[in-house]
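Written below as structure tokens is the structure these notes are about.
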Amino acid sequence: MSEIERGRGVALWSQISGILAADILKGQLRQGEQLPSAQELAARFNVNRHTVRRAIAALEQRNLVRTEQGRGTFVQEQTLDYVISRRTRFTQNMRNLNVEADMEYLEDARELPPPPVAQALGLDRNEYVYRIETLDRADGHIVCHCTAYFPAARFVGLPAVYRRLHSVTRTLAEFGVADYERKHTRVSARLPDTTTARLMKQPTSRPVLYVQSINADPRGVPVQYGITRFSGDWVQLVLMADH
């Protein structure tokens with residue numbers, strides 16, 4: 001039997017969206033649970049799939065569900081509070097949230113930096129950097145795509161150490177940088193490029209939180225310039241003046 005009422009002046013997609021939202025808020029659809037397919041929902045409510053898709057889009061706007069390319073639509077889990085402070089560490093942030101963290105090493109290259117990167121690291125345009133690309137997960141979910149730049153002359157052979165340790169903190173410690181602090185953070189919302197969208201398994205039309213950062217050693221010398229693209233579905237940034 002259909003759970004929607006026709007002819008009462010309320011759009012069918014809006015009724016379906018309301019019914020599914022109530023199921024989510026009452027816990028009948030649990031966090032992380034996959035919703036039935038559009039075809040199954042169309043059969044349940046006796047409507048066409050276009051109507052179902054519009055209902056799902058309304059749920060996405062309310063941040064109640066998320067759609068992953070090639071996988072389906074899922075009830076949105078609670079977002080992670082990612083703290084950005086003087087000492088921002090991904091693994092420590094995840095540990096504080098009691099979340100299992102995992103990093104996937106994608107690639108590295110020794111190259112001449114783009115002008116903004118050279119300026120951020122205090123390098124001449126003809127000084128090389130190491131560029132390292134990684135993908136971070138929390139409890140198995142992709143939360144960010146990271147690009148990190150390091151001065152190649154100061155940290156000779158850094159990519160091999162990073163691949164072995166899977167940690168910026170421990171890698172820099174191997175090169176004598178026992179501590180470092182966040183010198184600069186800039187946050188904006190941007191549409192991901194095709195590479196980031198593919199890696200994070202999201203459409204290019206869905207913005208990411210775009211964080212540019214500079215980390216410096218105790219003398220104030222920059223040791224890392226980073227670009228981190230956070231999934232807005234999974235992460236909300238918490239900016240701390242001092243932590």
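All values derive from a computational prediction rather than experimental measurement.
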Original post:
Can Ile4 be reached from Ile24 by stepping across I, L, V, M, F, W or Y side chains whose heavy atoms are under 4.5 Å apart?
Top reply: yes

Original post:
Are the side chains of Asp108 and Arg163 in touch, meaning some heavy atoms are under 4.5 Å apart?
Top reply: yes

**OP:** Ignoring hydrogens and angles, tell me if any N or O in the side chain of Glu127 forms a donor-acceptor pair with the backbone of Pro151 under 3.5 Å.
**Re:** no

Original post:
Would you call Lys183 and Glu181 a salt bridge, using N to O less than 4.0 angstrom?
Top reply: no

Original post:
So which heavy atom on Ile16 is nearest to which on Phe45, and how close?
Top reply: CG2-CE1, 3.7 Å

Original post:
What do you reckon, is CD of Gln39 surrounded by more than 12 foreign heavy atoms closer than 6.0 Å?
Top reply: no

Original post:
Under 3.5 Å, side chain of Asp139 to main-chain N/O of Glu100, donor-acceptor pair present?
Top reply: yes

Subject >> Flag, side chain of Arg131 to backbone of Ala109, donor-acceptor distance under 3.5 Å >> reply: no

Original post:
Can you name the nearest heavy-atom pair linking Pro222 to Arg154, along with the distance?
Top reply: O-NH1, 4.3 Å

Subject >> From Leu158 atom CG to Ile132 atom CD1, the distance as rounded to the nearest 0.5 Å >> reply: 5.0 Å

Original post:
Cluster question for you: counting only ILVMFWY and a side-chain heavy-atom cut-off of under 4.5 Å, with indirect links fine, are Val117 and Tyr180 together?
Top reply: no

Original post:
How many angstroms lie between atom CG of Leu12 and atom CG of Asn46, to the nearest 0.5 angstrom?
Top reply: 9.5 Å

Original post:
When you measure from the side chain of Arg170 to the backbone N and O of Leu165, does any donor-acceptor pair fall under 3.5 Å?
Top reply: yes

Subject >> Separation between CG of Leu199 and NE2 of His145, rounded to the nearest 0.5 Å >> reply: 5.0 Å

Original post:
Between the main-chain N or O of Ser167 and the side-chain N or O of Thr171, is there a donor-acceptor pair closer than 3.5 Å?
Top reply: yes

Original post:
With side chains defined as the heavy atoms from C-beta onward, is the minimum distance between Tyr162 and Thr134 less than 4.5 Å?
Top reply: yes

Original post:
About how many Å separate CG of Leu29 and CG of Asp23, when rounded to the nearest 0.5 Å?
Top reply: 5.0 Å

Original post:
Should we say atom CD of Glu104 is surrounded by more than 12 heavy atoms from elsewhere, each under 6.0 Å from it?
Top reply: yes

Original post:
So, the side chain of Asp217 versus the backbone of Arg219: is there a donor-acceptor pair under 3.5 Å, distance only?
Top reply: yes

Original post:
Around Arg164, counting heavy atoms of other residues, nucleotides and ligands shown, do more than 12 lie under 6.0 Å from its CZ?
Top reply: yes

Subject >> Arg30 vs Val75 side-chain heavy atoms within contact, under 4.5 Å >> reply: no

Original post:
So how far is it from Arg66 CZ to Arg71 CZ, rounded to the nearest 0.5 Å?
Top reply: 7.0 Å

**OP:** Assess whether atom CD of Glu111 is packed by more than 12 heavy atoms of other residues, nucleotides or ligands within 6.0 Å.
**Re:** yes

**OP:** Would you tell me whether Thr67 and Thr73 have side-chain atoms, one donor and one acceptor, within less than 3.5 Å of each other?
**Re:** yes

Subject >> Heavy-atom pair of closest approach, residues Ala38 and Arg49 >> reply: O-CG, 3.8 Å

Original post:
Are Tyr82 and Val238 side-chain neighbours, meaning at least one heavy-atom pair lies under 4.5 Å?
Top reply: no

Subject >> Exercise: identify the closest heavy-atom pair between Arg44 and Ile19 >> reply: NH2-CG2, 3.7 Å

Subject >> Steps toward side-chain contact (heavy atoms from CB on, under 4.5 Å) verdict (Gln76, Leu64) >> reply: CA-CA 5 Å; Gln76 180 63 58; Leu64 291 175; 5.8 Å; no

Original post:
Has the side chain of Tyr149 got a donor or acceptor atom that lies under 3.5 Å from a matching backbone atom of Ala118?
Top reply: no

**OP:** Could you tell me which non-hydrogen atom of Arg182 sits nearest to which non-hydrogen atom of Thr185, and how far apart they are?
**Re:** NH1-OG1, 3.0 Å

**OP:** Check Cys144 against Phe230 and note the closest heavy-atom contact, atom names and distance.
**Re:** CB-CD2, 3.7 Å

**OP:** Could you tell me if the ring centre of Tyr130 sits under 6.0 Å from that of Phe155?
**Re:** no

**OP:** Please round to the nearest 0.5 Å and tell me the distance separating atom OG of Ser231 and atom CG of Leu209.
**Re:** 8.0 Å

Subject >> Heavy-atom check, side chain of Leu20 versus side chain of Val65, under 4.5 Å >> reply: no

Original post:
Should the pair Asp179-Arg87 be classified as a salt bridge under the 4.0 Å nitrogen-to-oxygen rule?
Top reply: yes

Original post:
Within a strict 4.5 Å, meaning less than it, do heavy atoms of the Gln202 and Pro192 side chains meet?
Top reply: yes

**OP:** Check the surroundings of atom NE2 in His184: do more than 12 heavy atoms from other residues, nucleotides or ligands lie under 6.0 Å from it?
**Re:** yes

